[in-house]
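Quick notes on the structure that follows.
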Amino acid sequence: MRYSRYLIPTMKEDPSDAVVSSHRLMMRAGLVRKESAGMYVYLPLGHKALRKIINIVREEMDNSGALEFLMPELTNADLWKESGRWNTMGPEMFRIKDRNNLEYALGPTHEEAFTNAVRSTVTSYKELPINAYQINTKFRDEIRPRFGVIRSKEFIMKDAYSFDVDEEGLDKSYQTMRSVYRKIFDRCGLATIPVQADTGNMGGSASEEFMVASEVGEETLLICESCSYRANQEKAVFKREEKSGSITGELEKVHTPDVKTIDDLVKHFSAESSKFLKSILYTADGETVMAVVTGDREINEIKLKNHLGCVELELASDDKIFEATKSPVGFAGPVGIKNIRIVFDLSVKNTFDAITGANEKDYHYKGVNPGRDFEIKEEADLVTAVEGDACPECGKKLSATKGIEVGHIFKLGYKYTKAMNFTFLDKNGRPANPIMGCYGVGVTRTLAAVIEQNHDEKGLMWPKEIAPFDVHIVGICKTEEDEKKIAEIYEEIKKAGFDALYDDRKNSPGIKFADADLIGLPLRITVGKSFFDTGDIEALDRKTKEIKRLQRKELVPYLKEFFGR
RNA sequence: CGGGGUGUGGCGCAGUCCGGUAGCGCAUCUGCCUUGGGAGCAGAGGGCCGGAGGUUCAAAUCCUCUCGCCCCGACCA
């Protein structure tokens with residue numbers, strides 16, 4: 001492709017609204033343009049790179065035996081009502097009505113649609129397993145789109161759904177996808193960290209996310225330095241310290257005016273924060289619930305939500321708190337509370353002589369002991385693991401890293417096939433529900449993550465497999481005649497099967513080099529002064545900055561070697 | 001949705017406090033010149049200053065309302 005005939009609107013300066021490197025560089029290198037918040041136009045160069053990623057995903061999926069579908073983006077509300085998610089998906093699902101007032105959702109995910117499609121076509125165990133996928137646009141009304149295409153309202157995702165006859169089959173499908181995902185990200189030139197994850201509102205059991213370590217990542221990962229434990233902070237568990245102690249004091253009510261937060265309490269009682277029991281009231285699907293954790297810990301609302309099995313979980317209003325504890329906010333505690341459900345974190349039972357709210361304005365109890373002063377009827381892991389906690393598997397310290405989630409695989413189980421009554425006839429001629437798995441790759445986000453991981457101060461550094469072009473030819477010459485000679489080399493490279501971007505513009509060399517650095521194709525071929533003097537063509541490896549001087553006949557063999565083709 | 005910021009040619013910004021003919025750099029177009037790291041000279045085009053209303057002889061500037069966008073927090077590939 002001749003540069004002069006292509007469209008690459010590079011920018012010399014950073015756009016003012018881009019804060020992360022990938023977003024900045026995608027704008028500057030002319031890959032995308034912002035249309036509006038969370039919506040991006042892919043310009044030819046960006047689209048070409050995106051297509052390469054899509055092709056890799058498609059190839060690997062097809063190789064694994066998965067079947068490609070193309071689903072409607074407008075999904076009928078009835079489908080969502082059937083699974084029960086019309087009410088649970090929440091405001092991030094775009095809902096629209098047609099002229100007849102029929103309701104639809106703009107597909108944010110396609111479990112229902114695929115379950116429906118497969119149920120209407122599969123009737124026998126002989127047709128299973130099936131892994132159905134598509135590469136298509138997803139719509140999500142994000143609370144806050146940001147970081148360019150990393151979090152946008154509209155994005156391209158590869159989503160796959162496996163249907164197996166039994167758990168063993170699902171396990172196989174899941175493991176296959178696991179290795180397919182590794183291959184996909186490998187080929188994209190991305191180093192990913194697989195971590196254990198929460199399943200969110202998709203439902204299901206085992207779940208793994210593929211993370212790209214990055215400063216701008218929105219996820220926090222906890223990684224064990226000595227064993228292989230890696231988990232999303234949402235999900236991470238940790239080994240509890242064995243605490244021993246004994247009950248020394250009697251339960252005593254203490255006057256504590258205006259002492260409400262854990263910080264206040266630490267000062268007031270001059271005791272460590274772990275001595276306190278933090279009691280937080282929530283409204284879970286309308287029911288008031290108290291969660292009790294030690295004062296040194298943060299409640300993990302995802303864990304709490306999963307434990308309670310509720311759909312909506314929010315902090316209880318002041319009214320609800322007063323109703324349950326007969327005191328204003330800040331003085332809640334488990335002692336003497338009978339009317340509501342109380343869930344205790346696993347560490348609570350190991351506290352001795354703790355301090356808690358007395359369910360009375362301006363009063364706390366000290367010398368509170370579980371078992372004696374309140375009963376632990378229900379306990380669960382309710383707190384967020386943090387850096388420095390003990391690994392649940394080997395006991396060594398966990399460290400924290402930020403990451404971008406580019407892929408997510410999980411075992412869904414029977415949630416959708418049961419809710420939507422999808423049955424097949426098994427070997428014995430009996431109806432049974434298939435068991436599902438679900439596997440997503442954020443395709444557009446992968447592009448951003450690749451850039452996040454492969455750039456320098458001058459611009460992009462494309463991994464070979466997904467670079468929009470293989471080589472960038474910079475031609476520098478004065479006469480028409482010389483231009484023809486450069487064009488010959490361009491033709492030769494094309495004929496040899498390499499996709500070249502030939503900068504034939506009549507600009508100064510400085511501009512061409514700067515644009516070549518910014519666009520960042522893997523190899524830059526300069527044909528200029530040295531070529532006309534001595535026949536030397538210069539090949540620069542964008543990543544290593546290594547320069548090779550080649551005679552014309554050496555050029556194509558070098559390209560073959562460089563690209564391994 | 002809460003908190004903070006910002007809207008002025010394609011891009012980056014100044015001008016707003018203190019009202020008085022809309023500016024700078026880059027980019028674009030024409031001509032000359034130049035060609036190994038964002039050249040030079042001469043000329044040209046392009047903006048109802050986010051929108052609506054108000055105050056005023058006069059509004060980018062002051063007032064009211066509104067919309068967009070960005071950042072920090074609660075959702076997710």
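In what follows, every chain begins at residue 1, and chains take the letters A, B, ... in the order their sequences are listed. Please read all numbers here as calculations on a predicted model, not as lab measurements.
Using modelled atom types and a 3.5 Å distance limit, the side chains of Glu209(A) and Ser207(A) yield no donor-acceptor pair. Tyr40(A) and Glu154(A) form no side-chain donor-acceptor contact under 3.5 Å, judged by distance and modelled atom types alone. There is no side-chain donor-acceptor pair under 3.5 Å between Asn116(A) and Tyr416(A).
Here Ala514(A) lies in heavy-atom contact (under 4.0 Å) with a base. The residue Glu301(A) sits apart from the nucleic acid: no heavy atom pair falls under 4.0 Å. Residue Lys506(A) is classed as having no contact, given no heavy-atom separation below 4.0 Å to the nucleic acid. Residue contacts for Ile156(A): at a heavy-atom cut-off of 4.0 Å it reaches no nucleic acid atom on any strand shown. Using a 4.0 Å heavy-atom distance criterion, Thr137(A) is classed as making no nucleic acid contact. Nucleic acid contact class of Val441(A) (heavy atoms, under 4.0 Å, all strands): none. At a threshold of 4.0 angstrom between heavy atoms, the contacts of Glu209(A) with the nucleic acid are absent.
Shown are Val450(A), Leu25(A), Leu518(A); of these, the side-chain contact (heavy atoms from CB on, under 4.5 Å) with His455(A) is made only by Leu25(A). Screening Leu190(A), Val406(A), Val57(A) for a side-chain contact (heavy atoms from CB on, under 4.5 Å) with Ile184(A), the sole residue that qualifies is Val57(A).
Out of C76(B), G36(B), A77(B), the shortest distance to the side chain of Phe155(A) is found at A77(B). Taking every side-chain heavy atom of Ile476(A) into account, U35(B) is the closest of A77(B), U35(B), C76(B). When the nucleotides U35(B), A77(B), C75(B) are ranked by their closest atom to the side chain of Arg445(A), A77(B) comes out on top.
Distance, Asp515(A) CG to G38(B) C1': 8 Å, rounded to whole Å. Atom NZ of Lys305(A) and atom C1' of A74(B) are 11 Å apart (whole Å). Atom CZ of Arg144(A) is separated from atom P of C70(B) by 9 Å (rounded to the nearest Å). Between the P atom of U35(B) and the CG atom of Asp533(A) lies a distance of 14 Å, rounded to the nearest Å. Glu111(A) has its CD atom 13 Å from the C1' atom of C76(B), to the nearest Å. Between Glu142(A) atom CD and C70(B) atom P there is a gap of 13 Å when expressed in whole angstrom units. Distance Ile143(A) CD1 to C76(B) C1': 9 Å, rounded to the nearest Å. Rounded to whole Å, atom C1' of C76(B) lies 10 Å from atom CZ of Phe410(A).
Between Tyr181(A) and Tyr439(A), the ring planes lie perpendicular to each other; the angle is over 60°, past the 30° to 60° tilted range. Taking the six-membered ring where tryptophan is involved, the planes of Phe210(A) and Phe185(A) are tilted, since the angle between them lies from 30° to 60°. Between Tyr490(A) and Tyr502(A), the angle of the ring planes lies from 30° to 60°, which puts this pair in the tilted group.
Residues passing the side chain to side chain contact (heavy atoms under 4.5 Å, CB included) test with Arg297(A), sequence neighbours excluded: Phe238(A), Thr294(A), Val383(A), Val386(A), Asp389(A). Checked against side chain to side chain contact (heavy atoms under 4.5 Å, CB included), Lys485(A) has the following partners two or more places apart in sequence or in another chain: Asp482(A), Phe531(A), Phe532(A). Under the rule for a salt bridge (Lys or Arg N to Asp or Glu O under 4.0 Å), the partners of Lys81(A) that lie at least two apart in sequence or sit in another chain are Glu103(A).
More than 12 heavy atoms of other residues, nucleotides or ligands shown are found within 6.0 angstrom of NZ on Lys543(A). No more than 12 heavy atoms of other residues, nucleotides or ligands sit less than 6.0 Å from atom NZ of Lys484(A).
For the OP1/OP2 pair of C70(B) and a distance below 4.0 Å, the side-chain nitrogens and oxygens of Lys34(A) include at least one atom meeting the criterion. Applying the 4.0 Å criterion to OP1 and OP2 of C76(B), one finds that Arg151(A) has every side-chain N and O outside that range. Remark: Arg33(A) is not in phosphate contact with G10(B), judged by side-chain N or O atoms under 4.0 Å from OP1 or OP2. Side-chain nitrogen and oxygen atoms of Ser36(A) include at least one within less than 4.0 Å of the OP1 or OP2 phosphate oxygen of C69(B). Residue Arg146(A) has a polar side-chain atom (N or O) positioned under 4.0 Å from OP1 or OP2 of G73(B).
Nucleotides C63(B) and G12(B), compared at atom C1', are 31 Å apart to the nearest Å. Rounded to whole Å, the separation between the P atoms of C33(B) and U16(B) comes to 44 Å. Rounded to a whole angstrom, the distance from the P atom of C18(B) to that of C24(B) is 26 Å. The gap from the C1' atom of A77(B) to that of A22(B) amounts to 46 Å, rounded to the nearest Å. Taking the C1' atoms as reference points, U55(B) lies 10 Å from A59(B), given to the whole Å. Taking atom C1' on both A14(B) and U56(B), the two are 26 Å apart, rounded to the nearest angstrom. Comparing A58(B) with C26(B), their P atoms sit 38 Å apart, to the nearest whole Å. A gap of 15 Å separates the C1' atoms of U30(B) and G46(B), to the nearest Å.
Checking G2(B) for Watson-Crick or G-U wobble geometry (two distances, each under 3.5 Å) identifies C72(B) as its partner. The partner of G7(B) is C67(B), by the rule that a Watson-Crick or G-U pair needs both atom distances under 3.5 Å. For C41(B), the paired nucleotide is G31(B), the pair qualifying as Watson-Crick or G-U wobble because both relevant distances are below 3.5 Å.
Scanning residues 11-30 of chain A for heavy-atom distances under 4.0 Å to RNA chain B yields Lys12(A), Glu13(A), Asp14(A), Pro15(A), Ser16(A), Asp17(A), Val19(A). Scanning residues 516-529 of chain A for heavy-atom distances under 4.0 Å to RNA chain B yields Asp517(A), Arg524(A), Thr526(A), Gly528(A), Lys529(A).
Residues Ser152(A) and Lys512(A) each lie close to RNA chain B; by heavy-atom proximity, the contact nearer the 5' end of the strand is made by Lys512(A).
Taking the six-membered ring for Trp and the full ring otherwise, Phe69(A) and Tyr161(A) have centroids separated by 6.0 Å or more. Taking the six-membered ring for Trp, His472(A) and Phe513(A) have ring centres at least 6.0 Å apart.
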Please enumerate all protein N or O atoms sitting under 3.5 Å from an N or O of nucleotides 39-41 of chain B, with distances to 0.1 Å.
unit_1, atom_1, unit_2, atom_2, d
A39(B), OP2, Ser508(A), OG, 2.8

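An aromatic stacking contact between Phe513(A) and the base of G38(B) is absent, as defined here by ring centres under 5.5 Å apart and ring planes under 30° from parallel.
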